[in-house]
Amino acid sequence: DGGITQSPKYLFRKEGQNVTLSCEQNLNHDAMYWYRQDPGQGLRLIYYSQIVNDFQKGDIAEGYSVSREKKESFPLTVTSAQKNPTAFYLCASKTVYGYTFGSGTRLTVV
Amino acid sequence: AQSVAQPEDQVNVAEGNPLTVKCTYSVSGNPYLFWYVQYPNRGLQFLLKYITGDNLVKGSYGFEAEFNKSQTSFHLKKPSALVSDSALYFCAVRDSAGANNLFFGTGTRLTVIP
């Protein structure tokens with residue numbers, strides 16, 4: 001069963017702590033994306049990667065970092081520099097129909 | 001530059017009535033337009049797309065959308081709403097140059113009242 005798997009579903013971060021959100025796909029897609037979703041603001045692009053070992057900043061990259069060492073994996077690290085990280089994070093890959101999304105990770109600062 | 005506007009944050013409709021969720025866009029070149037639906041704590045699911053061809057596009061779950069070039073609109077419609085259609089709906093336009101990324105509207109919450 002092909003798709004995008006995001007883990008964990010819920011994540012709690014303490015102040016000053018880095019956390020990494022996992023995104024894995026078995027769809028053999030080249031392009032992958034990370035979005036942040038806040039109420040009333042839609043989806044905002046954090047980072048994207050068109051191919052392995054290459055990635056580009058999106059509209060709100062500050063305080064985040066990514067890697068793309070394998071085609072299947074595109075992890076997102078939320079660093080302590082991100083001052084307001086509480087949000088719903090969505091990973092996606094590009095298809096001919098647009099995008100396929102994972103089920104998301106809800107990150108909360110405690 | 002491309003942009004998408006969803007002018008209504010919330011749409012309420014009675015079950016069995018027709019529904020419309022509005023979307024207007026701005027893009028240079030030919031528009032590639034999409035509708036997605038999101039249920040609580042889930043990712044977005046693809047509903048339909050317009051690339052070229054007929055202005056009326058049919059998609060999943062009985063939804064359809066009408067592309068209107070002169071009004072730069074791509075409204076989502078359904079003839080008879082179901083309670084299970086209650087969700088958050090996003091319109092998106094694809095970047096016509098460069099990385100061909102999708103730009104999303106802010107979303108419209110549809111509530112179908114039994």
Side-chain angles (χ1 to χ4, degrees), chain A residues 2-11 21-25 27 29-51 54-61 68 87-108, chain B residues 1-11 21-25 31-53 57-60 63 65 74 76 87-109:
Chain A
I4 296 182
T5 301
Q6 289 188 244
S7 61
K9 190 172 180 64
Y10 298 96
L11 186 58
L21 284 59
S22 172
C23 178
E24 302 280 331
Q25 56 110 347
L27 301 167
H29 292 160
D30 288 315
M32 297 185 73
Y33 303 81
W34 273 106
Y35 285 91
R36 171 178 171 143
Q37 185 178 12
D38 297 282
Q41 295 196 47
L43 276 68
R44 293 184 289 169
L45 182 63
I46 306 172
Y47 268 98
Y48 64 98
S49 169
Q50 300 278 68
I51 198 168
D54 184 59
F55 49 82
Q56 306 295 328
K57 292 181 179 180
D59 301 318
I60 56 165
R68 188 82 187 278
F88 191 52
Y89 291 86
L90 287 163
C91 180
S93 66
K94 185 188 286 186
T95 78
V96 294
Y97 300 109
Y99 289 2
T100 293
F101 285 85
S103 295
T105 293
R106 186 165 296 282
L107 174 62
T108 304
Chain B
Q2 55 284 312
S3 65
V4 177
Q6 293 182 244
E8 300 159 317
D9 292 335
Q10 173 83 42
V11 170
V21 183
K22 296 179 180 177
C23 172
T24 59
Y25 66 90
Y32 287 14
L33 297 159
F34 302 81
W35 275 103
Y36 288 84
V37 60
Q38 185 181 35
Y39 297 99
N41 291 313
R42 303 289 297 175
L44 278 65
Q45 298 177 27
F46 171 80
L47 277 179
L48 50 81
K49 65 176 170 67
Y50 172 83
I51 304 297
T52 186
V57 179
K58 294 189 181 297
S60 306
F63 284 93
F74 189 56
L76 181 70
L88 188 57
Y89 290 81
F90 288 97
C91 182
V93 61
R94 199 178 85 173
D95 184 357
S96 56
N100 289 331
N101 295 334
L102 287 187
F103 289 85
F104 290 85
T106 53
T108 298
R109 184 163 301 281

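So you know, we letter chains A, B, ... as the sequences are listed, proteins then strands, and number each from 1.
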Can you tell me which portion of A/Gln6 sits under 4.5 Å from chain B's heavy atoms? Options are side chain, backbone, both or neither.
neither
Near-ring test A/Phe101/B/Phe46, centroid separation under 6.0 angstrom:
no
B/Gln45 versus chain A, the contacting section by heavy-atom distance below 4.5 Å:
neither
Working note: B/Phe34 + A/Tyr99, criterion ring pair (Phe, Tyr, Trp, His ring centres under 6.0 Å); need CA distance, chi angles, decisive distance, verdict.
CA-CA 10 Å; B/Phe34 302 81; A/Tyr99 289 2; 7.8 Å; no
Kindly indicate whether the side chain of B/Asn41, heavy atoms from C-beta on, has any atom under 4.5 Å from the side chain of A/Arg106.
yes
What part of A/Tyr10 is in contact with chain B, defined as an atom under 4.5 angstrom from a non-hydrogen atom: side chain, backbone, both or neither?
side chain
Counting heavy-atom pairs under 4.5 angstrom with chain A, the leader among B/Thr106, B/Ile51, B/Asp9, B/Leu88 is B/Thr106
For A/Arg44, look at atom CZ and say whether over 12 heavy atoms of other residues, nucleotides or ligands are found less than 6.0 Å away.
yes
The reported gap from CZ in B/Phe104 to CD in A/Gln37 (rounded to nearest 0.5 angstrom) is 9.5 Å
So with a 6.0 Å cut-off around NZ of A/Lys9, is the heavy-atom count from everything else above 12?
yes
Can you find a pair of side-chain heavy atoms, one from A/Leu43 and one from B/Leu44, that are under 4.5 Å apart?
yes
Give me the atom names and distance for the closest heavy-atom approach of A/Leu90 to B/Arg42.
CD2-O, 4.3 Å
